[in-house]
Structures are given as C-alpha cells and as structure tokens.
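FYI, side chains are in, hydrogens and waters are out, and symmetry mates aren't considered; it's all heavy atoms of this structure.
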Amino acid sequence: MTTSMTMIWLFLGCMLVTLLPRIIPFIFVRSVRIPAVVLKWLSYIPVCILTALVTESMLVESDHGIRLDWTVMIVLIPTVLIAIRTKSLSLTVIVGIAGMAILRLFM
C-alpha cells in the first residue's frame, strides 16, 4: 500500500477533528470553578454510559422481537461481582474479556 499526500492530509484532518472536541472543553473548564452539584451530576455519566453499552450488548434483535443474549448474561454476573468486590476497573475488564473469550471458545 502506498501512502499519498492525500492520505496524509486525510489522517491529519481526522486527527484534528478527533482531538479538538476532546481538548477544547478541558481548556475552558480548567479556569472555571464548577459547582459541587454539577460535579456530582457529572460523576454519574461513566456509570450511565457503561450501563447503556452493557444493555445494548445484552439485547439482540431476532425474528421474534428482542431477546437476551445469554452468553453476555453468563459473563456479566462474575464480571459485576468482581467489580463490586475489588473496585478495580482493570481487573473487571480483564475478567469480562477473558470470560467472554473462554465462553465463545467453547460455544
């Protein structure tokens, strides 16, 4: 595969479009004092996003409507227990990924 100047400009443009929305808010928020109520509200965003992602992967559309993906449910139980017990994001992710890999290997 050859790299043309157009591809380089495309990669740089994609990088810029990806970085700007992630960096600009930090530049503005750094000098602003955020009220405690807003910080409390913002603390729930990661939990909401994780819940949405897990729920989306648990529900599968089929010919008969929406059904649960039981492989996800089987792996979800030990993953949630590890998350509650250890409070370690790294260990939780490792258990979830390894559990799903093992389950898919045997199913």
Cluster companions of Val32 among Ile, Leu, Val, Met, Phe, Trp, Tyr (side-chain spacing under 4.5 Å): none

Leu68: partners by side-chain contact (heavy atoms from CB on, under 4.5 Å), with sequence neighbours left out: Met58, Leu59, Trp70

Partner residues of Ser88 under the side-chain contact (heavy atoms from CB on, under 4.5 Å) criterion, sequence neighbours left out: Thr86, Ser90, Leu91

Distance-minimising heavy-atom pair for Leu103 and Thr71: CD2-O, 3.3 Å

In a table with atom names and distances, give each donor-acceptor pair under 3.5 Å that connects a side chain of residues 18-30 to protein atoms at least two apart or in another chain.
{"from": "Thr18", "atom 1": "OG1", "to": "Cys14", "atom 2": "O", "distance (Å)": "2.8"}

same_hphob_cluster(Val75, Val93) at 4.5 Å side-chain heavy-atom cutoff: no

Side chains of Arg85 and Ile82 in contact at under 4.5 Å (non-hydrogen atoms): no

Give the table of side-chain donor-acceptor pairs shorter than 3.5 Å for residues 45-55, with sequence neighbours excluded, one pair per line with atom names and distance.
{"from": "Thr51", "atom 1": "OG1", "to": "Val47", "atom 2": "O", "distance (Å)": "2.7"}
{"from": "Thr55", "atom 1": "OG1", "to": "Thr51", "atom 2": "O", "distance (Å)": "2.7"}

In one Ile/Leu/Val/Met/Phe/Trp/Tyr side-chain cluster, 4.5 Å: Phe11, Met5: no

Met15 and Leu12, any side-chain heavy atoms less than 4.5 Å apart: yes

Min side-chain heavy-atom separation Met100-Thr79 under 4.5 Å: no

Qualifying residues under side-chain contact (heavy atoms from CB on, under 4.5 Å), relative to Val38, sequence neighbours excluded: Ile34, Pro35, Leu42

Co-membership, hydrophobic cluster, residues Ile97 and Leu105, 4.5 Å side-chain: no

Validation row: Ile66, Val60 side chains within 4.5 angstrom (heavy atoms): no

Shared hydrophobic cluster, Trp9 / Met7 (ILVMFWY, side-chain heavy atoms < 4.5 Å): no

Transitive ILVMFWY side-chain link Leu76 to Ile84, under 4.5 Å: yes

